[in-house]
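The structure appears right after this line, and notes come after that.
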Amino acid sequence: MVDSEAASAATTVGAIAREVEEFVAEGGWQQPPQLFALVPTAELLAQQPELADSLDPDAELTPVAQDSLPNDDLAEALATIAWPDLVRGCALAQEIIVLPPDVEDELPDVDDSTGVSATDVERLKQAAAGHPRRTEARLVAAVLRDGPAACVMRLRGVHPQGEDDSEPGEEIVEHPELAPNLVDALRATLLP
């Protein structure tokens, strides 16, 4: 990819990650994970011209919500997904718990040498959910087939610096490497 094409693709996938996060945010909190196919807008409009009034015809790609993901293991669910050639990328929105790095020692021990068991995962989830310094967040990761990735995270109930502490707000964080394992799992769904 030429540098200008790579920069354009990075801008596109970043805008899509923000668009997906804003769309999901309209539904509030306590939502299940949501998966989106990223399809060329022109091809979508050619196949479904009735969508012309609801889509931006100038957008290169349009996120299309998919059927609900199973409520069990997200990694397992993603491992079963394969996209047709029309799909140029995908995005996933999920709610997570974020802990400060300095609380890692307070979490239950896990023996990585034998692999992390379902019991270990459940214990870690419970410990994180009950930790007094936890922050609820919505994470969106978006990837393009043979292209860049973008991640956007909305932190819930935080006090942005310099703002009044009386009412918690929300903070948006963007960085392509916020969730490298999730990005890798999404990229795997796009492999031939």
Side-chain angles (χ1 to χ4, degrees), residues 8-98 121 125 129 135-157 170-192:
S8 175
T11 299
T12 297
V13 76
I16 288 171
R18 287 186 297 279
E19 178 182 348
V20 166
E21 198 291 318
E22 290 168 4
F23 171 79
V24 174
E26 289 177 9
W29 291 91
Q30 309 305 318
Q31 296 185 57
Q34 296 177 50
L35 185 64
F36 297 81
L38 306 180
V39 297
T41 303
E43 291 182 42
L44 184 59
L45 288 171
Q47 291 179 11
Q48 298 181 27
E50 68 276 11
L51 296 176
D53 291 340
S54 60
L55 297 180
D56 176 2
D58 296 327
E60 181 181 347
L61 297 170
T62 295
V64 178
Q66 302 300 293
D67 291 337
S68 297
L69 292 169
N71 287 333
D72 51 1
D73 189 352
L74 183 59
E76 259 182 46
L78 290 176
T80 66
I81 294 172
W83 299 103
D85 290 339
L86 174 67
V87 174
R88 301 289 164 79
C90 59
L92 178 88
Q94 69 173 348
E95 292 183 12
I96 62 172
I97 300 290
V98 178
V121 169
K125 283 182 181 179
T135 300
E136 295 176 357
R138 179 180 304 107
L139 174 67
V140 174
V143 298
L144 297 180
R145 195 182 297 267
D146 301 323
C151 296
V152 175
M153 184 166 48
R154 180 182 299 263
L155 299 164
R156 181 180 187 189
E170 295 180 345
E171 180 179 349
I172 303 290
V173 178
E174 295 185 45
H175 194 281
E177 295 180 25
L178 279 175
N181 292 341
L182 179 55
V183 166
D184 289 346
L186 291 175
R187 280 196 197 288
T189 69
L190 295 163
L191 295 175

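Since the structure is predicted, the reported quantities are computational estimates derived from the model, not experimental observations. Hydrogens, waters and symmetry mates play no part in the numbers below; they use all other heavy atoms, side chains included.
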| said: For a 4.5 angstrom cut-off between non-hydrogen side-chain atoms, does R145 reach L191? | reply: no

| request: Let me see the working for E21 and F23 under side chain to side chain contact (heavy atoms under 4.5 Å, CB included), right down to the final yes or no. | output: CA-CA 5 Å; E21 198 291 318; F23 171 79; over 6 Å; no

| query | Is it true that atom CD of Q48 has more than 12 heavy atoms of other residues, nucleotides or ligands lying nearer than 6.0 Å? | reply | yes

| query | Are the side chain of R138 and the backbone N or O of G28 linked by a donor-acceptor pair below 3.5 Å? | reply | yes

| In Å and rounded to the nearest 0.5 Å, what is the CD to CD distance from Q94 to Q34? | 11.0 Å

| Does the E95 side chain pair with the main chain of Q30, one donor and one acceptor, at a distance under 3.5 Å? | yes

| said: Is there a side-chain contact between L186 and D184 in this structure, where contact means two heavy atoms from C-beta onward sitting under 4.5 Å apart? | reply: no

| task | Determine the minimum heavy-atom distance between R187 and P148, stating which atoms define it. | result | NH2-C, 3.7 Å

| task | Verify side chain to side chain contact (heavy atoms under 4.5 Å, CB included) between L78 and L182, making sure each step is shown before the conclusion. | result | CA-CA 10 Å; L78 290 176; L182 179 55; 4.0 Å; yes

| Only one of T62, D58, D56 forms a side chain to side chain contact (heavy atoms under 4.5 Å, CB included) with T41, so which one is it? | T62

| Validation row: L69, P32 side chains within 4.5 angstrom (heavy atoms) | no

| task | Answer whether the closest heavy-atom distance between the side chains of I97 and T135 falls below 4.5 Å. | result | no

| remark: Taken to the nearest 0.5 Å, the spacing of Q31 CD from E26 CD works out to 10.0 Å

| Taking every non-hydrogen atom, the tightest pair across V20 and P63 | CG2-CB, 3.8 Å

| request: With sequence neighbours excluded, give me every salt bridge (charged side-chain N to carboxylate O under 4.0 Å, His left out) pair touching residues 79-90. | output: E43-R88

| query | Do the side chains of L92 and V140 get nearer than 4.5 Å, heavy atoms only? | reply | no

| field | Contact summary for V24 and A93, nearest pair of heavy atoms | value | CG2-CB, 3.8 Å

| field | Shortest non-hydrogen separation from G14 to A150 and the atoms involved | value | CA-CB, 3.6 Å

| request: Find out whether Q66 and W83 are in side-chain contact, i.e. whether some heavy atom of one side chain is under 4.5 Å from a heavy atom of the other. | output: yes

| task | Measure the OG1-CD distance between T12 and E19 for me, rounded to the nearest 0.5 Å. | result | 11.0 Å

| remark: Taken in chain and number order and not counting sequence neighbours, the residues that satisfy salt bridge (Lys or Arg N to Asp or Glu O under 4.0 Å) with E136 are R156

| query | Could you state the interatomic distance from OG (S8) to CD (E60), rounded to the nearest 0.5 Å? | reply | 6.0 Å

| Heavy-atom distance under 4.5 Å between the side chains of V143 and V13, does that happen here? | no

| note | For A137 and V98 the tightest heavy-atom approach is CB-CG2, 3.8 Å

| message | Check this for me: does any side-chain nitrogen of one of R18 and E174 sit under 4.0 Å from a carboxylate oxygen of the other? | response | yes

| message | For a side chain to side chain contact (heavy atoms under 4.5 Å, CB included) check, start with the C-alpha distance between E170 and I172, then their side-chain angles and the critical distance, and finish with the verdict. | response | CA-CA 7 Å; E170 295 180 345; I172 303 290; 5.9 Å; no

| task | Start with the C-alpha gap between V183 and C151, add the side-chain angles, then the distance that decides, and say whether side chain to side chain contact (heavy atoms under 4.5 Å, CB included) holds. | result | CA-CA 8 Å; V183 166; C151 296; 3.8 Å; yes

| Whether T189 side chain and I81 backbone form a donor-acceptor pair below 3.5 Å | no

| Do the side chains of L144 and L61 get nearer than 4.5 Å, heavy atoms only? | yes

